[in-house]
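Okay, so here's the structure we're looking at.
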Amino acid sequence: RYVRQLQRLQLLFSPTAADARGARQFVEEAAQDFARQHPDVVLYVSPRSGPGPAPVLRAEYLNGTVRDELIASKTSEEIVQLATKLANQSGLDIIRIRKPFHTDNPSVQGQWHPLTNKPSILTIQGPRPQPQ
Amino acid sequence: PAMAARLLLRAARPLLAGAGRGTGLGTGLGPGLGTALSTAPPPEKKRWLRAYLELQRLQAPPQRRSEKPNWDYHAEIQAFSHRVQENFSLDLLKTAFVNPCYIESEEARRRQLGLAKEAVALQLQDNAGLAERGLRFARAYLGQCFEGAYPELPAKGVEALVNFLTSQELVSYVAQNLSIQDLTLCRDFPVPPDVLQRTFLAVIGALLESSGPERTGIFVRDFFIPQLIGKDLFEIWEVVNPMGLLLEELTKRNISAPEPRITRQLGVSTVLPVYFVGLYCDKKILAEGPGETLLAAEEEAARVALRKLYGYTENRRPWDYSKPKQGLAAEKAISSN
């Protein structure tokens, strides 16, 4: 069955800074809807007062990866889109995929080895005739 | 100017502590910046301490998630039940996560703090009973699944498969990836695999109590059977004498004893020969297997023959996840008691 890989989202922002306005609007308007639509993700909202660092959305996944996304100067809709994107990802590292294809069953009829399609010894030599 | 500099700094500042703070603004405004960056420790005042403090942070012992900021146990447990798409009764689930070692360590801690005798005894039940029930149900259910899917497989084979699926490493691996490590209450961290196994089986037991045997059966099937994908029968089941086992199987089916013959051979006089030995019963081929020496090839041919007889070849039909088996419901109810 499908198990959402996102465990929890932590929204760390400052209640007074100018670039956290989108984050504040998100918390006021869209956070509850988001939490209701994704009941298997725990959403933590932690305002940190005073001049702090940039507002950030921290995503923790089931395999332990922690991913931070800056939400400074983003609108509320953009933050919702970002959050849904994080919710649909798995926690695997985002690196270059070497090949866009992968298969668990590379061979259906059996992999070729030098002895396929070669007649076996018995057909070459034939069974020895029993001495009469 | 200070405000402007701070805003400039915030816009230009990258996320990680170490990178890019080398601009002149960094050191002067260090103490004025207040609380930490998201991923960094408390702000160091001197730039040259940064590497040392980062090393300290990386070498610090791992901490439980419940001891880090932003943790709500009740919310996490609800999210767990939604994530697994099952309806649990929450107190059963909470009891399932309580381990005996946790209860002992808590009581010892309370006694050390000098509380009265009544306050020392915790009101928590531990998960031993639930774990045992979960284990019994899982083993019975998986045994029935395999007997239904591979009717030719003997009892020892089914037992080997079930043992593999309920073994410590597998169950603790599945539990780790379902965030059970964050939710368990245990004395040591990181949680040892046998505790993880016990907790996961207790979760299965709690599900059994809350939702009944059918849903628990579907749960067990969904999380344990995919672990068999890509695994070969004889990787899981250690068979010492495959030829003897094959002879028994053939006598059960009234087929004459197999006759081994060399089918192909390559590089006989070299260091790495390859022999293909075929097993023939009444002059009809049963199986063929390769090997380095003639004996190894014969053993491999016997294993291939056994795989064909038990229906566990690589090109068998994949597991059927479509419908829950209705006929098993009554047997499950009996077996779980």
Side-chain angles (χ1 to χ4, degrees), chain A residues 1-12 14 17-20 35 38-46 48-58 60-64 66-70 72-73 91 104-105 107-110 113-116 118-125 127, chain B residues 3 6-7 9-11 13-17 32-40 43 65 69-72 74-86 176-182 218-219 221-223 229-230 261-266 274 276 278 280 283 285 288 290 314-315 321:
Chain A
R1 63 185 67 175
Y2 175 63
V3 172
R4 192 184 293 278
Q5 293 290 315
L6 181 62
Q7 247 189 326
R8 56 189 81 88
L9 276 174
Q10 295 179 30
L11 190 55
L12 309 162
S14 149
D19 52 359
H38 304 259
D40 39 9
V41 176
V42 191
L43 180 63
Y44 293 98
V45 170
S46 52
R48 34 192 187 185
S49 55
V56 96
L57 185 61
R58 187 179 294 174
E60 289 177 39
Y61 290 93
L62 285 183
N63 59 357
V66 176
R67 211 165 141 216
D68 292 320
E69 297 275 341
L70 269 182
S73 314
D104 284 324
N105 309 302
S107 135
V108 172
Q109 297 180 4
H113 52 87
L115 291 170
T116 35
K118 284 236 158 75
S120 74
I121 295 181
L122 298 174
T123 47
I124 294 176
Q125 294 175 352
Chain B
M3 264 301 274
R6 219 184 307 137
L7 286 173
L9 196 63
R10 189 173 291 170
R13 182 178 41 223
L15 213 48
L16 288 172
L33 277 169
T35 49
L37 276 182
S38 40
T39 46
R65 182 64 185 81
N70 279 334
W71 174 260
D72 181 9
H74 187 75
E76 294 279 344
I77 292 216
Q78 278 178 328
F80 175 76
S81 63
H82 280 289
R83 197 178 296 140
V84 177
Q85 294 169 20
E86 296 285 348
Q176 278 264 40
N177 288 53
L178 282 175
S179 79
I180 290 191
Q181 205 193 72
D182 297 334
I218 300 177
F219 181 89
R221 179 199 71 180
D222 282 344
F223 283 101
I229 294 177
R261 297 232 173 190
I262 305 179
T263 341
R264 309 153 201 277
Q265 53 188 21
L266 276 184
V274 172
F276 271 76
Y280 289 83
K283 315 234 176 81
I285 186 133
E288 197 187 15
E314 250 187 76
N315 56 358
Y321 291 96

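A, B, ... follow the sequence lines: proteins, then strands. Residue 1 opens every chain.
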_Atom of A/Leu62, atom of B/Leu178 and distance for their closest heavy-atom approach_ =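 For A/Leu62 and B/Leu178, the tightest heavy-atom pair comes out as CD2-C, 4.1 Å.
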*Minimum heavy-atom distance A/Arg1-B/Phe219, with the two atoms named*: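 Looks like NH2-CA, 3.4 Å.
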Which bit of [X] comes within less than 4.5 Å of chain B, counting heavy atoms only: side chain, backbone, both or neither?
X	answer
A/Leu43	neither
A/Gln5	neither
A/His113	side chain

Please classify the contact between [X] and chain A as side chain, backbone, both or neither, with a heavy-atom cut-off of under 4.5 Å.
X	value
B/Phe80	neither
B/Asn315	neither
B/Gln181	neither
B/Ile229	neither
B/Asp72	both

*asked:* Do A/Arg58 and B/Asn70 have side chains that approach each other closer than 4.5 Å (heavy atoms only, starting at C-beta)?
replied: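 Contact flag for A/Arg58/B/Asn70 side chains = no.
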*Sub-4.5 Å side-chain heavy-atom contact between A/Val42 and B/Gln78*: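 They are not in contact (no side-chain heavy atoms under 4.5 Å apart), so the answer is no.
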_Residue, of B/His82, B/Gln85, B/Glu314, that accumulates the most heavy atom pairs under 4.5 Å with chain A_ =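 Of the options given, most contacts go to B/His82.
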*What residue in A/Arg4, A/Gln7, A/Arg8 has the most heavy-atom pairs under 4.5 Å with chain B?*
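Heavy-atom pair counts peak at A/Arg8.
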